[in-house]
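Report on the structure given below.
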Amino acid sequence: MLLHSLGKYILLMRLSFKKPEKFTVYWKEVMHEMVSVGIGSLGIIAIISVFIGAAVTIQTAFQLINPLIPKSVVGSIARDSTILEFSPTISALVLAGRVGSSMASQIGTMRVTEQIDALEIMGVNSPGFLISPKIIAGTLMIPLLVIVSVLLGFTGGLIACSLSNEVSASDFLTGLSDGFNPVIVTVCLTKAAVFGFIITSICSFQGFYTSGGALEVGQSATRGVVYSCVMILFFDLVISRIFL
């Protein structure tokens, strides 16, 4: 069963990236999906990033209250934790629920209402028209959302320092630049791009092979989100092991 689903997934991805019949139509779809994924998710990403950055800073400061440890270490630890793990992974898990379920429901509804069958009768490559713009948009926009998440996480940490007495804002800013290793940015953006592909492709796959009615559409969306979250955590471990 697992190999059968994997084979269907690979064949669907192959069909999704065949040469488009009309490039301008696909380009409009890609732009539409980029706005939906990027601009539409900006609010929730901003909220969770600020609060996570503040929480990480407060908890790190609480664990490192020691006169022998410089206060700037709090900024360094919060920086690395935010860039390597919290911003890409938690943002991807949130986007799997917000973006992935929407994509699975949209494509699943088109399947059960026979709109996909109508596209195929007209000679349109339905996987390419419906799925490839979503994958391209997710792979491009989720790294940008993660960059915004990192910056807002630092802002949240700075706000937390300003409102507390454990670490000063100047010490926190010093820690952000001390001992910076550029490889963590590479790991962060690699994770974000891979997670974007995982979310969009798995949820689109679940929606495309929906059968039945409205109940099955909801079940497909749920499966897409669950499988995406599991694969996000798995590839989070794999990428961390490869690069670090």
Side-chain angles (χ1 to χ4, degrees), residues 1-17 29-30 33-34 36-38 40-41 44-45 48 84-113 115-116 126-146 149 187-243:
M1 188 67 182
L2 177 61
L3 292 177
H4 177 70
S5 298
L6 180 61
K8 287 174 65 177
Y9 173 79
I10 293 173
L11 290 175
L12 183 64
M13 292 302 104
R14 181 184 175 189
L15 286 173
S16 299
F17 288 97
E29 286 297 313
V30 171
E33 294 296 338
M34 289 177 73
S36 176
V37 173
S41 305
I44 184 66
I45 291 297
I48 65 170
L84 283 173
E85 193 61 33
F86 289 109
S87 282
T89 306
I90 295 182
S91 296
L93 293 174
V94 171
L95 290 172
R98 192 250 167 221
V99 174
S101 61
S102 174
M103 291 182 176
S105 299
Q106 177 187 351
I107 297 177
T109 302
M110 294 183 70
R111 169 63 74 184
V112 299
T113 56
Q115 295 180 53
I116 294 178
S126 55
F129 180 73
L130 296 174
I131 296 176
S132 61
K134 291 177 171 56
I135 294 177
I136 293 170
T139 307
L140 293 177
M141 294 306 294
I142 290 181
L144 296 179
L145 288 172
V146 168
S149 174
V187 176
C188 175
L189 295 180
T190 302
K191 284 183 178 182
V194 172
F195 295 163
F197 178 83
I198 288 171
I199 293 169
T200 52
S201 63
I202 291 179
C203 292
S204 297
F205 169 76
Q206 292 295 330
F208 192 81
Y209 287 108
T210 301
S211 59
L215 179 62
E216 284 74 15
V217 172
Q219 293 174 348
S220 296
T222 301
R223 284 197 302 270
V225 173
V226 172
Y227 295 159
S228 296
C229 291
V230 172
M231 295 307 295
I232 284 168
L233 296 175
F234 174 73
F235 277 95
D236 179 38
L237 174 61
V238 170
I239 294 171
S240 299
R241 184 66 186 87
I242 291 173
F243 283 91

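Worth knowing before you read on, the calculation uses all heavy atoms, side chains too, and leaves out hydrogens, waters and symmetry mates. For clarity, every value in this text was computed on a predicted model and none was experimentally measured.
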- Residues Glu29, Ser132; criterion side-chain contact (heavy atoms from CB on, under 4.5 Å); working and verdict: CA-CA 9 Å; Glu29 286 297 313; Ser132 61; over 6 Å; no
- Is there a side-chain contact between Phe195 and Thr89 (heavy atoms, below 4.5 Å)? yes
- Message: Can you give me the closest heavy-atom contact between Gly38 and Leu145, atom names plus distance?
- Response: O-CD2, 3.5 Å
- Item | Check against side-chain contact (heavy atoms from CB on, under 4.5 Å), Ile45 and Leu95 | CA-CA 8 Å; Ile45 291 297; Leu95 290 172; 4.1 Å; yes
- Message: Tell me the closest heavy-atom pair linking Ala192 and Pro143, and the distance in Å.
- Response: CB-CA, 3.6 Å
- Query: Quick one: CD1 on Ile135 to CD1 on Ile199, what's the gap to the nearest 0.5 Å?
  - Reply: 12.0 Å
- Message: Quick check for you: to the nearest 0.5 Å, what is the distance between Ser87 atom OG and Ile48 atom CD1?
- Response: 8.0 Å
- Message: Could you check whether any side-chain heavy atom of Ile136 comes within less than 4.5 Å of a side-chain heavy atom of Phe17, counting everything from C-beta outward?
- Response: yes
- Query: Is there side-chain contact between Ser101 and Cys203, with heavy atoms separated by less than 4.5 Å?
  - Reply: no
- Note on the structure: For Ser91 and Val146, the nearest pair of non-hydrogen atoms, with its separation, is CB-CG2, 4.5 Å
- Are any non-hydrogen side-chain atoms of Phe197 and Ile142 less than 4.5 angstrom apart? no
- Message: Check whether Tyr209 forms a cation-pi arrangement with Lys8 (NZ or CZ under 6.0 Å from the six-membered ring centre, at most 45° off the ring normal).
- Response: yes
- Item | Note, Thr210 side chain near Ile107 side chain (heavy atom, < 4.5 Å) | no
- Please answer whether the main-chain N or O of Val30 pairs with a side-chain N or O of Glu33 as donor and acceptor at a distance below 3.5 Å. no
- Polar side-chain atom of Ser16 near backbone of Leu12 as donor-acceptor pair, under 3.5 Å: yes
- Query: Using a distance-only test with no angle check, is there a side-chain donor-acceptor pair under 3.5 angstrom linking Lys191 and Ser240?
  - Reply: yes
- Residue pair Ser201 / Met13, side-chain heavy-atom distance below 4.5 Å: yes
- With a 4.5 Å heavy-atom cut-off, do Glu85 and Asp236 have their side chains touching? yes
- Message: Nearest 0.5 angstrom please: Tyr227 OH to Thr222 OG1, how far?
- Response: 10.5 Å
- Note on the structure: Heavy-atom nearest pair, Gly224 first then Ile202, reads O-CG2, 4.0 Å
- Would you check, one step at a time, whether the test side-chain contact (heavy atoms from CB on, under 4.5 Å) holds for Val112 with Glu216? CA-CA 9 Å; Val112 299; Glu216 284 74 15; 5.6 Å; no
- Query: What distance do Leu6 atom CG and Phe205 atom CZ have between them, rounded to the nearest 0.5 Å?
  - Reply: 8.5 Å
- Message: With heavy-atom distances below 4.5 Å as the criterion, would you say the side chains of Ser126 and Phe208 are in contact?
- Response: yes
- Message: Testing the basics here: between Val37 and Ser41, what is the closest heavy-atom pair and its distance to 0.1 Å?
- Response: O-OG, 2.7 Å
- Query: Hey, does the side chain of Ser102 reach the backbone of Arg98 with a donor-acceptor pair shorter than 3.5 angstrom?
  - Reply: no
- Message: Does Lys134 form a side-chain contact (heavy atoms from CB on, under 4.5 Å) with Val99? I'd like the steps, not just the answer.
- Response: CA-CA 10 Å; Lys134 291 177 171 56; Val99 174; over 6 Å; no
